[in-house]
2 protein chains.
Amino acid sequence: MRLTTKGRYAVTAMLDLAFHSDTKPVTLTDIAARQTISLSYLEQLFSRLRRANMVKGIRGPGGGYTLADTADKINIADIIAAVDEPLDATKCGGEANCQKEQACLTHDLWMGLSEQIKDYLKGITLAQLLEKHHVQSVAKRQDQEAEQVIEIHRHTELLASLNE
Amino acid sequence: MRLTTKGRYAVTAMLDLAFHSDTKPVTLTDIAARQTISLSYLEQLFSRLRRANMVKGIRGPGGGYTLADTADKINIADIIAAVDEPLDATKCGGEANCQKEQACLTHDLWMGLSEQIKDYLKGITLAQLLEKHHVQSVAKRQDQEAEQVIEIHRHTELLASLNE
DNA sequence: TTTAAAGTTGACTATTTTGCTAGGTTAAGT
DNA sequence: ACTTAACCTAGCAAAATAGTCAACTTTAAA
C-alpha cells in the first residue's frame, strides 16, 4: 500500500463525487473546478477507477460519473489500489533466491506493515469520511454562531455600560 | 505521512542496522550487500538519518554506523519522516484562499487520515519489528524441526512395517 | 608520520513517476 | 445535426527516485 499524492487526488475526487451525487451524475469538469485538479488528470484517474468498478461513466449531455456502489461500501484502500500501479511487491521475485539470507525477512516485515495499513484503510469508507466532514462543518458553523452570540453579548454589555 | 519505496529502503536499512549492531559499528557496504541496496543510495539515506539524529556515523577503520538510541526508542514514523521531503502539506498554502469553498475540507480529511497513519507508525519501534522477526524465524525453524520429526516418524513407521 | 582503509560529502546523471496539455473518437440527449 | 460529456491516445515538463563519481576526512596501522 503506497501513500502518494496520486492516491490523495483519487480519494479527494471520490469524496467530492460522493458529496455531490444526490441525483444527477457529476461531471469531471465540475470536480476539476471544485478541487482544482486538472481535467485530464482526473480523466486518467477515473479511467482506472471505472475499470476497477468503483464508478460508472454516463456519456452524453447530462452525463458524468456516479459511484458504482453506495458510499458506505467504498473504502479508501480500494480507491488507492485502483489508481496505483499494481505494486511489483517483491524485489526478490516471488520465492527463489530469497531465503538464503535473512535479507528478505525485513522485506516481509515491511510488507506486513503495509498490509496493516491497507487493512486500516479498508475499514474506512467514503460514507464515514463524509460523516466526519459533516460533523466538522456543523461544528465549524456552530463555533461561528457561538462567536456571534458572544460578540452580540459583548456588544449589548458595552451598550448597557454606556447607559449607566 | 507518505509511504514510498524511499521510506521502505530506509526502514529496511535501519532494521538491518539494528539487527547487526551488537558490538561493532555496521558499515554501509555490509548493509548494501545484505539488502541489495546501492551503497551510494544508502549514503544519501543515512546522511539524512544522521542529521535527524537517528544514527551515529563513526569514521575511520572499524567505523560505520550505530543507532543513536536503543531500538525500542526508534519508531518507524520518524525514520520515514527523516528521509522524506518536509512534505509541503497544504496545496492551499496555509490558510488564505481555502475556506471559501468546501474544497479544502477533503484535504483536511486526507491530512487527518495521514496523521492517523503517522500515529500508528509512531507506535511501532524497530525493537518490535525485530521481535516479530525473531518470532517468525523461530516459528519457521520450529516448523522445519516439526516437519523433520514427522518425517522421521514416518520413516520409522515405514521401517517398522517392513519388519512385520 | 606517513599511509591507506573506511566514511562523509556534494555534484552530477539516468530513469521513472507525476501531473498536465492537446488532440481526437464515441455515445447520448436536444 | 448539434452539443455535451465520457473516453482514448500521444506527448511533455517537472519532480522524485535511484544510482554514479570524484574529492575530502578521519583514524588505525605500518
Side-chain angles (χ1 to χ4, degrees), chain A residues 2-13 17 20-21 23-33 35-68 80 82-88 91, chain B residues 1-13 17 20-21 24-33 35-66 68 80-89 91 107:
Chain A
R2 291 166 60 212
L3 284 187
T4 64
T5 50
K6 194 172 194 174
R8 189 174 70 212
Y9 274 121
V11 171
T12 303
L17 176 55
H20 290 94
S21 67
T23 49
K24 304 265 178 188
V26 180
T27 70
L28 291 191
T29 309
D30 287 351
I31 298 179
Q35 304 299 332
T36 57
I37 307 171
S38 89
L39 176 60
S40 306
Y41 197 44
L42 277 180
E43 283 175 351
Q44 274 185 43
L45 298 178
F46 273 76
S47 171
R48 285 172 180 270
L49 289 170
R50 187 177 52 82
R51 269 174 286 198
N53 288 322
M54 313 284 296
V55 296
K56 279 181 199 160
I58 298 147
R59 294 183 164 190
Y65 282 95
T66 60
L67 296 180
I80 294 174
V83 298
D84 268 340
E85 296 306 306
L87 185 60
D88 54 336
K91 149 179 287 183
Chain B
M1 178 97 321
R2 292 166 56 213
L3 285 187
T4 63
T5 50
K6 195 173 192 173
R8 189 173 71 212
Y9 275 125
V11 172
T12 302
L17 176 56
H20 290 93
S21 68
K24 304 266 177 188
V26 180
T27 68
L28 292 191
T29 309
D30 287 351
I31 298 179
Q35 305 299 333
T36 58
I37 305 172
S38 91
L39 175 61
S40 306
Y41 196 44
L42 275 181
E43 284 172 351
Q44 275 186 42
L45 297 179
F46 273 77
S47 171
R48 286 172 180 270
L49 289 171
R50 189 178 51 82
R51 270 175 288 197
N53 287 323
M54 312 286 296
V55 296
K56 280 180 197 161
I58 297 147
R59 296 182 161 191
Y65 281 95
T66 61
I80 294 174
V83 298
D84 269 338
E85 296 306 306
L87 184 59
D88 56 335
K91 149 179 286 185
H107 168 261

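Just so we're on the same page: letters track the sequence lines, and every chain starts at 1.
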Within the structure, does a side-chain N or O atom of [X] lie under 4.0 Å from either OP1 or OP2 of [N]?
{"X": "Thr5(A)", "N": "dG19(C)", "answer": "yes"}
{"X": "Thr4(B)", "N": "dT17(D)", "answer": "yes"}
{"X": "Tyr41(A)", "N": "dT21(C)", "answer": "no"}
{"X": "Tyr65(B)", "N": "dT8(C)", "answer": "yes"}
{"X": "Arg50(A)", "N": "dC8(D)", "answer": "yes"}
{"X": "Ser38(A)", "N": "dC20(C)", "answer": "yes"}

Legend entry - 5′-ward residue of the pair Gly60(A)/Gly7(A) relative to DNA chain C: Gly7(A)
I need the [atom1]-[atom2] distance between [X] and [N], as an integer number of Å.
{"X": "Leu28(A)", "N": "dC20(C)", "atom1": "CG", "atom2": "C1'", "result": "15 Å"}
{"X": "Lys6(B)", "N": "dT17(C)", "atom1": "NZ", "atom2": "C1'", "result": "14 Å"}
{"X": "Leu42(A)", "N": "dC7(D)", "atom1": "CG", "atom2": "P", "result": "13 Å"}
{"X": "Arg59(A)", "N": "dA6(D)", "atom1": "CZ", "atom2": "P", "result": "10 Å"}
{"X": "Glu43(A)", "N": "dA10(D)", "atom1": "CD", "atom2": "P", "result": "16 Å"}

Inset, instruction - Please tell me which of the listed nucleotides, dT17(C), dT17(D), dT21(C), lies nearest to the side chain of Arg2(A)? - result: dT17(C)
Legend entry - Given dT21(C), dA6(D), dT18(C), the nucleotide with the shortest approach to the side chain of Ser40(A): dT21(C)
Legend entry - Qualifying residue, where the test is side chain to side chain contact (heavy atoms under 4.5 Å, CB included) with Thr66(B) and the options are Val26(B), Ile58(B), Leu17(B): Ile58(B)
Output the distance between atom [atom1] ([X]) and atom [atom2] ([Y]), rounded to the nearest 0.5 Å.
{"X": "Arg2(B)", "Y": "Thr5(A)", "atom1": "CZ", "atom2": "OG1", "result": "7.0 Å"}
{"X": "Gln44(A)", "Y": "Ser40(A)", "atom1": "CD", "atom2": "OG", "result": "8.0 Å"}
{"X": "Ile80(A)", "Y": "Thr4(A)", "atom1": "CD1", "atom2": "OG1", "result": "8.0 Å"}

Legend entry - Heavy-atom side-chain contact between Leu67(A) and Lys56(A) under 4.5 Å: no
For nucleotides 1-4 of chain C, give me every protein contact, N/O to N/O, under 3.5 Å, one pair per line with atom names.
none

Inset, instruction - Quick one: which residue pairs count as a ring pair (Phe, Tyr, Trp, His ring centres under 6.0 Å) with a foot in residues 36-56 of chain B, not counting sequence neighbours? - result: Tyr9(B)-Tyr41(B), Phe46(B)-Tyr65(B)
Inset, instruction - Assign Ile58(B) to base, sugar-phosphate, or nothing according to its heavy-atom contacts below 4.0 angstrom with the strands shown. - result: sugar-phosphate
